[in-house]
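Below is one structure; the comments refer to it alone.
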Amino acid sequence: QVQLVESGGGLVQAGGSLRLSCAASGRTFSRYAMGWFRQVPGKEREFVGGISWSGGSTYLADSVKGRFTISRDNAKNTVYLQMNSLKPEDTAVYYCAADRSMVVPTDPKKYNLWGQGTQVTVSS
């Protein structure tokens, strides 16, 4: 069983950058597609991006394309979300999730493993 722990969140001014990390325990990390989601109070969890188990395919939501990138290092059991040109509307709790799948789901219901989340706050 894979367990996930996010880190790297914090407070940043608009236009700034943060890099989120999601460290996974377990020897089968490389077999999981990984997703990043975010959620603000009162709203549904939103897909931000995802990466296939090999790292060969990445997907980003339209709202973050050109600003965010997603990558993974299977040797370190870690997936990353590099966030540049941050905007106040990016403020949310960010979660990583894992799904033992060959494809990268965008529906949070498809994921059965979740981290605890990390807060990202972007001030204007």
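Computed from a predicted model, the values in this text were never measured in an experiment. Quick note: residue numbers are just sequence positions, from 1. Note that these values count all heavy atoms, side chains included, but never hydrogens, waters or copies made by symmetry.
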Indicate, with yes or no, if Val12 and Val93 share a hydrophobic cluster defined by side-chain heavy-atom contacts under 4.5 Å among Ile, Leu, Val, Met, Phe, Trp and Tyr.
no
Using a 6.0 Å cut-off, check whether atom CD of Gln3 has over 12 heavy atoms from anything other than its own residue.
no
Which heavy atom of Glu44 sits nearest a heavy atom of Gln39, and at what distance?
C-NE2, 4.0 Å
For Arg67, does the CZ atom have more than 12 heavy-atom neighbours from other residues, nucleotides or ligands under 6.0 Å away?
yes
Can you name the closest pair of heavy atoms from Ser52 and Arg72 and give their distance?
O-NH1, 2.8 Å
Phe37 ring center near Tyr111 ring center (under 6.0 Å):
yes
Could you pull out the closest heavy-atom pair between Glu6 and Thr118, with the gap in Å?
CB-CG2, 4.0 Å
CG of Leu81 to CE of Met34, rounded to nearest 0.5 Å, is 11.5 Å
Are Ser63 and Glu46 close enough that some pair of their side-chain heavy atoms sits under 4.5 Å apart?
yes
Look up atom CG in Asn77 and atom OG in Ser30, then write down how far apart they are to the nearest 0.5 Å.
7.5 Å
May I ask you to test the Thr91-Val40 pair for a side-chain heavy-atom distance under 4.5 Å?
no
So, for Phe29 and Thr78, which heavy atoms are closest and what is the spacing to 0.1 Å?
CE2-N, 3.6 Å
Output side-chain donor-acceptor pairs under 3.5 Å for residues 94-103, partner residues at least two apart or in another chain, one line each.
from   : atom 1 : to     : atom 2 : distance (Å)
Tyr94  : OH     : Arg38  : NH1    : 2.9
Tyr94  : OH     : Asp90  : O      : 2.6
Ser101 : OG     : Val103 : N      : 3.0
Ser101 : OG     : Val103 : O      : 3.1

Connected via hydrophobic side-chain network under 4.5 Å: Val120 and Val48:
yes
Tightest non-hydrogen contact, residues Ala24 and Leu4, listed as CB-CD2, 3.7 Å
For residues Trp36 and Phe47: do they belong to one hydrophobic cluster (side chain heavy atoms under 4.5 Å, members Ile, Leu, Val, Met, Phe, Trp, Tyr)?
no
Interatomic spacing from OG1 in Thr28 to CH2 in Trp53 - rounded to 0.5 Å
13.0 Å
How far does CD of Gln13 sit from OG of Ser123, to the nearest 0.5 angstrom?
5.0 Å
Less than 4.5 Å apart, side chain to side chain, heavy atoms only: is that true for Leu20 and Met83?
yes
Within the 4.5 Å heavy-atom criterion, are Asp73 and Tyr80 side-chain neighbours or not?
yes
What's the separation between atom OH in Tyr59 and atom OG1 in Thr106, rounded to the nearest 0.5 Å?
10.5 Å
When rounded to the nearest 0.5 angstrom, what distance separates CG in Asn84 from CG in Leu18?
9.5 Å
Identify the two heavy atoms, one from Ser85 and one from Ser17, that lie closest to each other, and give their separation to 0.1 Å.
N-OG, 4.3 Å
